[in-house]
Amino acid sequence: MTSIEQAAPVTNNFLRTIIDEDLKSGKHAGIVTRFPPEPNGYLHIGHAKSICINFGLARDFGGRCHLRFDDTNPAKEEQEYIDSIKENVRWLGFDWGEHLHYASDNFEQLYCWAVYLIKQGKAYVEDLNAEQIRAYRGTLTEAGTESPYRTRSVEENLDLFGRMRAGEFPDGSRVLRAKIDMAAPNINLRDPVLYRIIHAPHPHVGDAWKIYPMYDFAHGQTDAIEEITHSICTLEFESHKPLYEWFLDNLPVPARPRQYEFARLNLTYTVMSKRKLQELVQLGIVSGWDDPRMPTLVGIRRRGYTPDAVRAFCEMIGVGRSDSWIDVAILEECVRADLNDSAPRAMAVLRPIKLVIDNYPAGQTEEFQASNHPQKPEMGSRSINFSRELWIDSDDFMEVPSKGFHRLTVGGEVKLRCGYIITCTGVVKDSEGAILELHGDYDPASREGIHTADGRKVKGVIHWVSAVHAITAEVRLFDRLFSDPNPDRGGADYKQFLNPNSVETLSDCKLEASLAGAETETRYQFERQGYFRLDPKDTRPGTPVFNRIVTLRDVWTKK
RNA sequence: AGGGGUAUAGCCAAACGGUAAGGCAACGGCCUCUGACGCCGUCAUCUCUUGGUUCGAAUCCAGGUACCCCUGCCA
């Protein structure tokens with residue numbers, strides 16, 4: 001466990017309480033959980049919460065956690081997603097060991113159990129089409145009516161179901177239904193569909209099957225087969241729980257798992273639904289599922305977020321049963337906390353403006369040692385070059401300073417971080433009045449500290465880069481994808497809340513020379529600006545592209 | 001409207017009949033060669049609401065109110 005996670009409070013929650021009691025009472029000798037994604041899309045930060053809960057609980061209570069693909073619908077599932085999900089879970093730092101499972105591994109057993117139900121008179125083959133089934137189901141306030149096929153004989157049901165499996169019937173022509181209660185107030189109990197016919201290849205079992213079990217008929221039984229003790233899912237499955245238990249009660253399952261539900265993660269300034277995420281990709285609003293602004297794990301990862309930070313975030317937000325919206329600022333804080341600790345510092349000028357040190361000899365060069373981390377000498381130092389012409393950030397100069405501004409102004413002085421104190425002596429402008437370059441003088445005696453020769457303390461410290469030594473890079477400044485905290489909020493089209501400035505590409509940034517050796521896996525703090533990381537996809541030899549992971553906190557500009 | 005849930009600070013969240021943890025944010029102050037980091041302090045007489053039980057209630061009881069989920073051959 002890393003320091004940032006230790007710093008996160010481990011608060012009690014209802015799941016821990018339940019597990020504690022189950023262990024104490026001897027109901028279970030150990031716990032087994034599972035993360036059960038359907039491989040029909042890419043994982044997002046909401047899934048990370050579930051992953052951390054399931055794997056985290058298993059870790060904390062000395063149990064195990066399975067990775068299980070809930071692959072019961074081949075019409076939507078693909079191998080690509082299976083691979084991506086496995087990689088994401090690993091990236092987050094979790095290990096399922098021997099326990100990689102697929103619901104489809106149990107298709108034969110599930111089929112046998114369906115036959116068992118038919119023989120018990122508890123399931124029947126339905127000939128009504130989807131629309132008719134819907135009409136027969138009734139409404140929230142009115143009971144449904146029983147299907148005319150509900151009373152078929154066991155023999156006929158067995159025959160028909162066998163022929164469904166054999167592929168004799170086209171998609172949609174028949175389904176297998178449980179015979180429960182068409183008048184049940186819980187609609188999930190009104191003779192739910194158990195199997196449907198789908199003539200499509202399955203990513204894991206190929207074309208062995210023509211019928212596939214529904215989620216409800218697969219999940220609980222699969223939990224039982226895997227001997228899951230605590231089957232943890234999100235709140236919307238709560239109304240399925242009676243069905244989950246009905247199958248466990250009516251089938252000779254080998255174990256008795258129990259379902260518990262928690263509130264899914266909602267994050268401000270983003271959208272999380274698969275449909276909307278997909279739309280952002282398809283409409284070209286983002287560059288892909290791994291666009292650094294996306295809440296997908298592939299996106300977050302490309303952006304440069306660390307798995308430690310994501311885990312700390314999941315720990316910090318807790319687990320409850322009430323619908324909640326987590327402020328994305330908390331995620332950003334977790335990233336800062338982690339990176340502040342681990343990121344080597346460097347200097348980079350994003351919006352360069354030239355500063356000529358007139359009293360510094362032309363052609364002369366000096367090398368200064370700069371610490372890689374102010375609080376961690378063990379992270380070493382690097383040398384940075386100083387020369388007559390420098391780049392500084394245009395944000396750090398104001399011709400007419402606003403109140404409280406203590407960076408560079410004409411006639412003002414400022415400390416060049418790890419360098420000299422300089423005084424700005426003048427501004428050169430073009431005919432339009434745009435600033436071409438700044439001129440200044442340096443104090444040769446001011447290398448150490450921030451005090452001037454006459455003992456005054458310089459208020460401002462700015463970053464800079466030597467012009468002749470600098471390397472040029474593209475830097476992408478990412479911001480929140482939406483400008484509204486809740487773009488998902490009812491009614492209105494979420495796309496109207498898109499933040500037009502969610503990415504700003506700066507193509508002529510000047511970085512200190514040491515960054516020529518930057519590695520993709522290293523996150524850097526560009527001092528006074530934020531945390532950055534080489535884009536793993538668009539960086540080319542000699543033409544670095546940096547992504548801004550997150551800014552530094554900035555109480556000054558906030559005021 | 002039938003069923004199932006949930007309400008504790010700006011946002012999360014603990015508490016299990018014994019006198020409202022913690023985190024994030026915010027606000028003061030200190031420190032600082034990053035307006036970063038760090039450090040110190042402040043931040044619910046009160047738990048959606050109205051009654052009741054009790055020596056004692058966020059916790060128990062009764063009635064309200066608000067919000068979320070459920071009418072896929074999706075998961």
Side-chain angles (χ1 to χ4, degrees), chain A residues 7-13 17 36-38 40 70-73 75-76 126 129-130 133-135 137-144 171-177 184-190 192-198 212 214-216 218-219 233-242 261 263 268 274 315-327 329-330 333-334 336-337 340-341 345 347 370-371 373-375 404-407 415-419 421 446-451 457-463 485 525-530 551-559:
Chain A
V10 178
T11 65
N12 198 23
N13 63 52
T17 302
E38 182 189 17
N40 69 343
D70 229 335
D71 53 352
T72 56
N73 186 357
K76 297 185 173 178
E126 173 67 272
N129 63 34
I133 289 177
R134 194 180 316 123
R137 187 148 35 222
T139 69
L140 293 177
T141 52
E142 299 161 298
D171 288 10
S173 59
R174 279 178 237 265
V175 292
L176 183 73
R177 292 231 254 172
N186 180 341
I187 292 177
N188 293 306
L189 261 17
R190 319 241 263 231
V193 172
L194 267 30
Y195 270 91
R196 69 303 211 185
I197 299 168
I198 302 175
Y212 292 89
M214 297 287 288
Y215 162 85
D216 285 310
H219 205 92
C233 61
T234 44
L235 250 25
E236 64 269 26
F237 290 98
E238 201 160 16
S239 58
H240 291 247
K241 193 170 183 169
E261 313 85 16
T268 57
K274 204 165 286 174
E315 205 65 56
M316 188 176 281
I317 60 177
V319 190
R321 285 176 59 84
S322 56
D323 295 316
S324 58
W325 283 87
I326 305 292
D327 192 331
I330 292 183
E333 265 310 299
C334 288
R336 287 191 188 103
N340 176 55
D341 235 39
R345 317 281 127 129
M347 291 201 282
S371 170
H373 189 117
Q375 284 82 35
F405 183 81
H406 52 240
R407 279 110 83 174
K415 171 79 178 183
L416 295 178
R417 168 122 248 236
C418 303
I421 291 174
S446 64
R447 270 282 289 123
E448 299 300 322
I450 53 167
H451 291 271
K457 200 169 169 180
V458 173
K459 277 184 299 196
V461 178
I462 66 171
H463 59 276
Q525 184 195 95
F526 289 175
E527 293 208 23
R528 306 205 310 127
Q529 307 193 85
T551 62
L552 249 32
R553 283 188 74 208
D554 182 359
V555 298
W556 160 247
T557 54
K558 265 207 262 191
K559 282 180 181 171

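Labels below follow one simple rule: chain letters A, B, ... track the order of the sequence lines, proteins then strands, and each chain is numbered from 1. Since this is a predicted model, take the numbers as computed values, not measurements.
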Practice problem: Look at all strands and tell whether Tyr195(A) reaches a base, only sugar-phosphate, or nothing, counting heavy atoms closer than 4.0 Å. | Solution: nothing
Exercise. Measure the distance from CD1 on Ile187(A) to C1' on rU71(B) and round it to the nearest whole Å.
Key: 4 Å
Quiz item: Step by step, would you call Lys76(A) with Glu38(A) a salt bridge (Lys or Arg N to Asp or Glu O under 4.0 Å)?
Solution: CA-CA 9 Å; Lys76(A) 297 185 173 178; Glu38(A) 182 189 17; over 6 Å; no
Quiz item: Of Glu238(A) and Val461(A), whose closest RNA chain B nucleotide lies nearer the 5' terminus?
Solution: Glu238(A)
Quiz item: What residues, two or more places apart in sequence or in another chain, satisfy side chain to side chain contact (heavy atoms under 4.5 Å, CB included) together with Thr139(A)?
Solution: Thr141(A), Glu142(A)
Self-check item: salt bridge (charged side-chain N to carboxylate O under 4.0 Å, His left out) involving Arg196(A) - partner list, sequence neighbours excluded
Solution: none
Exercise. Look at all strands and tell whether Met347(A) reaches a base, only sugar-phosphate, or nothing, counting heavy atoms closer than 4.0 Å.
Key: nothing
Exercise. Just call it for His240(A): base, sugar-phosphate, or nothing, with non-hydrogen atoms closer than 4.0 Å on any strand.
Key: base
Quiz item: With the threshold set at 4.0 Å, does a side-chain nitrogen-carboxylate oxygen contact exist between Glu333(A) and Arg336(A)?
Solution: yes
Quiz prompt | Dot-bracket line, read 5' to 3' along RNA chain B, where crossing pairs take [ ] and | marks a partner on another strand, Watson-Crick or G-U under 3.5 Å | solution = .((((((..(((.....[...))).(((((.......))))).....(((((..]....))))))))))).....
Quiz item: Are Glu527(A) and Arg417(A) within salt-bridge range, i.e. N to O under 4.0 Å?
Solution: yes
Quiz item: Which part of the nucleic acid, if any, lies within reach of His463(A) when heavy atoms closer than 4.0 Å are counted: base, sugar-phosphate only, or nothing?
Solution: nothing
Quiz item: Side chains of Asn186(A) and Ser239(A): donor-acceptor distance under 3.5 Å anywhere?
Solution: no
Quiz item: In whole Å, what is the span from the CD1 atom of Ile462(A) to the C1' atom of rA36(B)?
Solution: 16 Å
Self-check item: Arg345(A) side-chain N/O to rU34(B) phosphate OP1/OP2 under 4.0 Å
Solution: no
Exercise. Only counting residues at least two apart or in another chain, list the ones meeting ring pair (Phe, Tyr, Trp, His ring centres under 6.0 Å) with His240(A).
Key: Phe237(A)
Quiz item: Among all residues two or more places apart in sequence or in another chain, which pass the salt bridge (charged side-chain N to carboxylate O under 4.0 Å, His left out) test with Arg177(A)?
Solution: Glu126(A)
Self-check item: Nearest to side-chain heavy atoms of Leu140(A), which nucleotide of rC73(B), rU34(B), rU71(B)
Solution: rU71(B)
Kindly give the atom pairs (protein nitrogen or oxygen, nucleotide nitrogen or oxygen) under 3.5 Å for nucleotides 13-15 of chain B.
{"from": "rA15(B)", "atom 1": "OP1", "to": "Asn12(A)", "atom 2": "ND2", "distance (Å)": "2.6"}

